[in-house]
Student: 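A single structure is presented below for examination.
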Amino acid sequence: MLKLYSHVGSHDDVIGLFRRMQAFNLRPDAFVLPILIKSAGKGGTGIQTQVLKLGFESDRYVRNAIMDMYAKHGAMDVARKVFDGIPDKAVADWNVMVSGYWRCGDEVEARCMFDSMPERNVVSWTAMVSGYSKCGDLENARRIFEEMPEKSVASWNALLSGYAQKGLVEDGLRVFEEMMDSGFRPDETTWVTVISMCSVRGDLKLAESLVGTLHQRRIELNCFVKTALIDLYAKCGSLETAQQIFNSMAFRNPVTWNAMISGYARSGNLTLARQLFDKMPERNVISWNSMIAGYAQNGHFATAIKLFKEMVRTKELKPDEVTTVSVISACGHLGALELGKWVVKLIVENQIQLSISGYNSLIFMYSRCGSMEEAKKVFREMPSRDLVSYNSLIAGFAIHGHGHEALELLSRMKEEGVEPDRITFIGILTACSHAGLSKQGRQIFESIEYPAIDHYSCMVDLLGRAGELDEAKRLVNNMPMKPHAGVYGALLNAARIHKHVELGELAASELFELEPENPGNYVLLSNIYASLGRWGDVERVWKLMQVRGVKKTTACSWVEFNHQIHQFIAGDRSHERTKEIYEVLEKLGKRMRELGYIADKRCVLRDVEEEEKEEMVGTHSEKLAIGFGLLVSKAGEVIRVVKNLRVCGDCHIAIKMISKLTGREIVVRDNNRFHRFEDGECSCKDYW
DNA sequence: GTAGGGTTAG
């Protein structure tokens, strides 16, 4: 009975049954003990003393179970001691050691154990195949597999899972065919692996043919297979079918729930994902990760952080690296440096080991929060780097306008044998553009073997910013591919910077065709007209927007304070400190007027009527955010603001003035780049 | 009666 429970039930079921056994005054014997040890899990490491008390330390099955328990918890040194003390070692004892060493990633010891075995069985060989499979060494997995004197379904499955994990669908399916040709009947494990392999494709046709086969062969669908199918349908976008399978299941494990949650989260249906998350009986760390990542990937950064805070507060489960990667990235998107640092503190406190992508997320976060020194420090100190590490830091240099540093890093990565890719060059060209390094940018562009369309966008932006409008136009006309909105967008922005009406109109007319719904293009064009005082044309663009039903994107800006995001929109009065904010701004506005600053009507398509009258009061989101920043920050502290759109030209002047009048450094990150305002100057030169 | 193979998250 206990054996049966240990196979189908949970740890609690086994312990429950054992308690009843004890109630009858029945002491565990050498048959019961291994089952108990196996089921004891993490809390069971003290079990050895109990075993000694009962006098079963010399039973080979009990010993094997103890060894296995230590091995499964990574205590290979303890397992080794038990193993060395066994006088009559059985194959099973060797096998425990081999798989134990593989489990903790010790290929050398695993190999050594396997090589010194006096005899091997199919389990020993399969453990080796599985070990190589799991660490991605398919060559050796295959080699060992071929050498096996005898194979089992488990051996095939071990090999298959290697292909599945590497995403090698074609090769994997070939192995699957090979397996059936050799007369092995796929079992449920095989099907789970094959289904998961196909999930990567997201191909509904393939999914349906697979289900057809399962039906034809009258395969019993256990919980694992059904879960794999849920994931398959979810990844093909058929959430309804996935939900149907989910509903039909009498027994669901946490993975089943998670597959469903992440399916909804990926497809952007966060409400349904959250409902399942709230309803599921036993959440694990992956449930939290799926939900948090779901919010983060769909742009709900603040909600992702909020849920993470809840995870930490309730202590239901400890966050792991994956959790922190999502949250750190969300902090980066929001520019929430204090929150980001708090998460880093948690990583250190909880001793969460970071992988390369963990460190990469830190580089991203610090870069997007304006701390390039910290970003560089992470890059310097991380144990190893990949292409993404370089690209993240280069992108950081790009939004900061640190062109030379970006170029230096490009040379360095080449020296270190890391091949730059499409993304690298987007970063490099953007950095050159923002830093005004047009000569270097051109050289880089010429050096790209097959420039992608995005590289043309960057190049148009670079030439445009540098004032080479004719050349920018020529580049657009001579592109080997059809220009997309990004290319014309760069051209339009160049026209805005240099107040070039004809070019602006040309770019805008293309953009109005390509993306008539994008309000940004209308705003840019009208800004050009406004900068020249052509109010009639401004009005015309505004009417065009109205006729086409295009709504201006609501601009919002935010400041982080006390681990909270304080967000503002133009004319906002909802913030609890609204009165003080407006007072601060009004005072500054007064002094500006005294100094001869006169508001003009450059900033068009306003959200608030009031702005027409008063240049500071009731005004743009970034000014409100700065007003709040002035209130809550300490003297000498940098005021950091993030805006979801471009900083408007009117504000740009105003912020320069604010920095001069208050003697404060103000950093604004908009959707394009960082603007560092200090003593009446800004690092960004493309504003009037 | 031991030991090997499976599904979910960045």
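Quick note on labels: first sequence line is chain A, next is B, and so on, each numbered from 1. These numbers come from a predicted model, not from an experiment.
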Student: Does the side chain to side chain contact (heavy atoms under 4.5 Å, CB included) test come out yes or no for Glu374(A) and Met365(A), once each step is laid out?
Tutor: CA-CA 10 Å; Glu374(A) 287 293 321; Met365(A) 186 269 286; over 6 Å; no
Student: For Val122(A), answer base if it contacts any base atom (sugar-phosphate contacts may also be present), sugar-phosphate if it contacts only those atoms, and nothing otherwise; contact means non-hydrogen atoms under 4.0 Å.
Tutor: base
Student: Are OP1 or OP2 of dT8(B) and a side-chain N or O of Lys226(A) less than 4.0 angstrom apart?
Tutor: no
Student: Whole angstroms only, please: what is the NZ-P distance between Lys72(A) and dG5(B)?
Tutor: 8 Å
Student: Would you kindly check if the NZ (Lys) or CZ (Arg) of Lys151(A) is within the cone defined by 45 degrees around the ring axis of Phe184(A) and under 6.0 Å from the six-membered ring centre?
Tutor: no
Student: Taking atom NZ as the centre, does Lys306(A) end up with more than 12 heavy-atom neighbours from other residues, nucleotides or ligands that are less than 6.0 angstrom away?
Tutor: no
Student: Would you mind telling me which of dG6(B), dG4(B), dT8(B) lies closest to the side-chain atoms of Asn222(A)?
Tutor: dG6(B)
Student: Select one nucleotide: of dG5(B), dT7(B), dG4(B), the one nearest the side-chain heavy atoms of Ser155(A).
Tutor: dG4(B)
Student: Phosphate oxygens OP1/OP2 of dG5(B): is one of them under 4.0 Å from a side-chain N or O of Ser130(A)?
Tutor: yes
Student: Ignoring backbone atoms, establish whether Ser357(A) has a side-chain N or O less than 4.0 Å from OP1 or OP2 of dG10(B).
Tutor: no
Student: Answer yes or no: does a side-chain N or O of Thr227(A) lie under 4.0 Å from OP1 or OP2 of dT8(B)?
Tutor: no
Student: Go through dT7(B), dG4(B), dA9(B) for me and flag the one nearest to the Ala127(A) side chain.
Tutor: dG4(B)
Student: From the options dG5(B), dA3(B), dA9(B), select the nucleotide whose nearest atom is closest to the side chain of Val153(A).
Tutor: dG5(B)
Student: Parallel, tilted or perpendicular: which fits the ring planes of Phe145(A) and Trp156(A), with parallel below 30° and perpendicular above 60°?
Tutor: perpendicular
Student: Which residues in residues 335-346 of chain A have at least one heavy atom lying under 4.0 Å from any atom of DNA chain B?
Tutor: none
Student: dA3(B), dT7(B), dA9(B): which one has an atom nearest the side-chain heavy atoms of Ala92(A)?
Tutor: dA3(B)
Student: Between the side chains of Asp187(A) and Asn157(A), does any donor sit under 3.5 Å from an acceptor?
Tutor: yes
Student: Just call it for Asn360(A): base, sugar-phosphate, or nothing, with non-hydrogen atoms closer than 4.0 Å on any strand.
Tutor: nothing
Student: Does Glu139(A) have more than 12 heavy atoms from other residues, nucleotides or ligands lying within 6.0 Å of its CD?
Tutor: no
Student: Quick one: label Lys151(A) by what it contacts on the DNA or RNA (base, sugar-phosphate, nothing), any heavy atom closer than 4.0 Å.
Tutor: nothing
Student: What is the distance, to the nearest angstrom, from the CG atom on Asn95(A) to the C1' atom on dA3(B)?
Tutor: 5 Å
Student: Tell me, which of residues 271-299 of chain A have any heavy atom that sits under 4.0 Å from an atom in DNA chain B?
Tutor: Ile286(A), Asn289(A), Ser290(A), Ala293(A), Gln297(A)
Student: Between the base of dA3(B) and the side chain of Asp93(A), is there any donor-acceptor pair under 3.5 Å?
Tutor: no
Student: Answer with base, sugar-phosphate or nothing: what part of the nucleic acid does Ala228(A) contact at a heavy-atom distance below 4.0 Å?
Tutor: nothing
Student: Provide, to the nearest angstrom, the distance between the CZ atom belonging to Phe246(A) and the C1' atom belonging to dT8(B).
Tutor: 12 Å
Student: Within a 6.0 Å radius of atom CD on Glu147(A), are there more than 12 heavy atoms belonging to other residues, nucleotides or ligands?
Tutor: yes
Student: From CH2 of Trp257(A) over to C1' of dT7(B), roughly how many Å is that when rounded to an integer?
Tutor: 16 Å
Student: Does Arg266(A) put a side-chain nitrogen or oxygen below 4.0 Å from OP1 or OP2 of dA9(B)?
Tutor: yes
Student: CG of Leu221(A) versus C1' of dT7(B): gap in Å, rounded?
Tutor: 13 Å
Student: Decide whether a cation-pi geometry holds between Arg283(A) and Phe277(A); the criteria are a distance under 6.0 Å from NZ or CZ to the six-membered ring centre and an angle within 45° of the ring axis.
Tutor: yes
Student: What is the nucleic acid contact for Lys134(A), judged by heavy atoms within less than 4.0 Å: base, sugar-phosphate only, or nothing?
Tutor: sugar-phosphate
Student: Measure centre to centre between the rings of Phe379(A) and Tyr359(A), then say whether the value is under 6.0 Å.
Tutor: no
Student: Is there side-chain contact between Ile144(A) and Trp125(A), with heavy atoms separated by less than 4.5 Å?
Tutor: yes
Student: For Thr256(A), answer base if it contacts any base atom (sugar-phosphate contacts may also be present), sugar-phosphate if it contacts only those atoms, and nothing otherwise; contact means non-hydrogen atoms under 4.0 Å.
Tutor: nothing
Student: When you compare the side chain of Ser287(A) with that of Trp257(A), does any pair of heavy atoms fall below 4.5 Å?
Tutor: no
